[in-house]
Amino acid sequence: VALPGFNDLSLALAAGMSIANEFGMSGPAQIVLACLLAAAAAGPALGSAGAMHPVAAIAEAARAEARRLAPPDTAGLKVEDVRVDERLRLARCMAPLAARPAPGSRVGGRVTIEVECAQPAWRVFVPVTLAVRLPVVVAARPLPAGQSIAAADLRLVERDVHALTRGYYTRIEDAVGLSVARALGAGEAVTPAVVRSGTLVRRGQKVILLAQAGGLAVRMGGEALSDAGIRQRIRVRNLSSGREVEGVVRSAELVEVGM
């Protein structure tokens, strides 16, 4: 069994005995002085083995700070990687570790956390990789450019939204009725950059007018008086009363109007 510091202690004790002998000491006095000199010489070596701050504690401080930085609605946040060099040798901190984002660091897929000790003074910079995984809208099948998107063309798949730098949709209904600006492959994320508001209702088209108030809903026939895309406002004529009203396009057949 290896005893850390044993050889150093033996050498220090022998040196102490030699120095005490030079001063003409013998017996108990020689032994006491030798022991004191040995302790003084070997103390730093004996203490160094257990005086290092655990690398795991530094990593945990960085991990906790990275989680704290995330917006409150990111339930899918996952800290994927915390990189602390296992060879790091820092004196054991006698105070709670402080952690903060490093100057110039942005909260995103990768953030650098500064972990600092006040006593004794040291600091280390820890790279942390984050992922926020949320259900996002993707193409359920290949979609050609120019196609108007229907609900059946889409599905929700969990993705790391930090990788979707051009935006994303989290609800299928938000993309329904939009037009594909460029061809999309199956499984490709539908983002605001690859769709545009297409014409869903055309002038002269017969539509259903929906009026709602509280728990009451009334449907009637109508006619579009202009072209409009999904969620755009449009003028329509009530075919029963002949009145012209303004509504919002909800689908290719439905326009919601006020009571």
Side-chain angles (χ1 to χ4, degrees), residues 1-20 22-23 28-136 158-165 168:
V1 178
L3 297 176
F6 178 79
N7 290 334
D8 291 339
L9 180 59
S10 300
L11 292 173
L13 186 57
M17 290 290 286
S18 177
I19 292 171
E22 288 181 9
F23 279 93
Q30 183 186 31
I31 295 173
V32 169
L33 180 58
C35 288
L36 290 174
L37 292 171
L46 292 172
S48 63
M52 298 298 104
H53 202 89
V55 171
I58 298 171
E60 184 52 40
R63 182 180 289 107
E65 177 64 9
R67 287 199 190 99
R68 188 191 67 78
L69 292 173
D73 59 343
T74 50
L77 175 72
K78 180 182 178 184
V79 178
E80 291 198 328
D81 190 28
V82 180
R83 293 188 177 273
V84 182
D85 192 337
E86 293 292 335
R87 299 167 298 177
L88 196 63
R89 294 292 181 267
L90 294 170
R92 182 178 292 277
C93 191
M94 306 308 293
L97 292 176
R100 66 184 68 86
S105 184
R106 296 189 307 165
V107 179
R110 189 177 176 89
V111 61
T112 300
I113 303 297
E114 178 184 340
V115 180
E116 183 177 19
C117 174
Q119 181 60 37
W122 54 256
R123 71 180 62 186
V124 63
F125 295 91
V126 182
V128 178
T129 302
L130 298 174
V132 177
R133 303 192 69 82
L134 296 174
V136 300
E158 193 176 86
R159 293 279 172 84
D160 178 8
V161 297
H162 281 142
L164 301 175
T165 57
Y168 54 91

Nearest heavy-atom pair of [X] and [Y]: which atoms, and what distance?
{"X": "Ala91", "Y": "Trp122", "value": "O-NE1, 2.9 Å"}
{"X": "Val82", "Y": "Ala62", "value": "CG1-CB, 4.3 Å"}
{"X": "Cys117", "Y": "Met94", "value": "SG-N, 4.4 Å"}
{"X": "Ala61", "Y": "Val115", "value": "CB-CG1, 4.3 Å"}
{"X": "Leu88", "Y": "Ile58", "value": "CD2-CD1, 4.2 Å"}
{"X": "Val128", "Y": "Ala66", "value": "CG1-CB, 3.8 Å"}

What's the separation between atom [atom1] in [X] and atom [atom2] in [Y], rounded to the nearest 0.5 Å?
{"X": "Arg133", "Y": "Asp160", "atom1": "CZ", "atom2": "CG", "answer": "6.0 Å"}
{"X": "Arg100", "Y": "Thr112", "atom1": "CZ", "atom2": "OG1", "answer": "14.0 Å"}
{"X": "Arg159", "Y": "Leu134", "atom1": "CZ", "atom2": "CG", "answer": "12.5 Å"}
{"X": "Arg83", "Y": "Ile113", "atom1": "CZ", "atom2": "CD1", "answer": "15.5 Å"}

Report task. Compare all side-chain heavy atoms of Val126 with those of Glu65 and state whether any distance is below 4.5 angstrom. Result -> no
Query raised in the report: Should Val124 and Val84 be marked as a side chain to side chain contact (heavy atoms under 4.5 Å, CB included) after you check the CA-CA gap, both sets of side-chain angles, and the distance that decides it?
Result: CA-CA 9 Å; Val124 63; Val84 182; 5.7 Å; no
**Report entry** Donor-acceptor contact present, side-chain His53 to main-chain Leu90, <3.5 Å
**Finding:** no
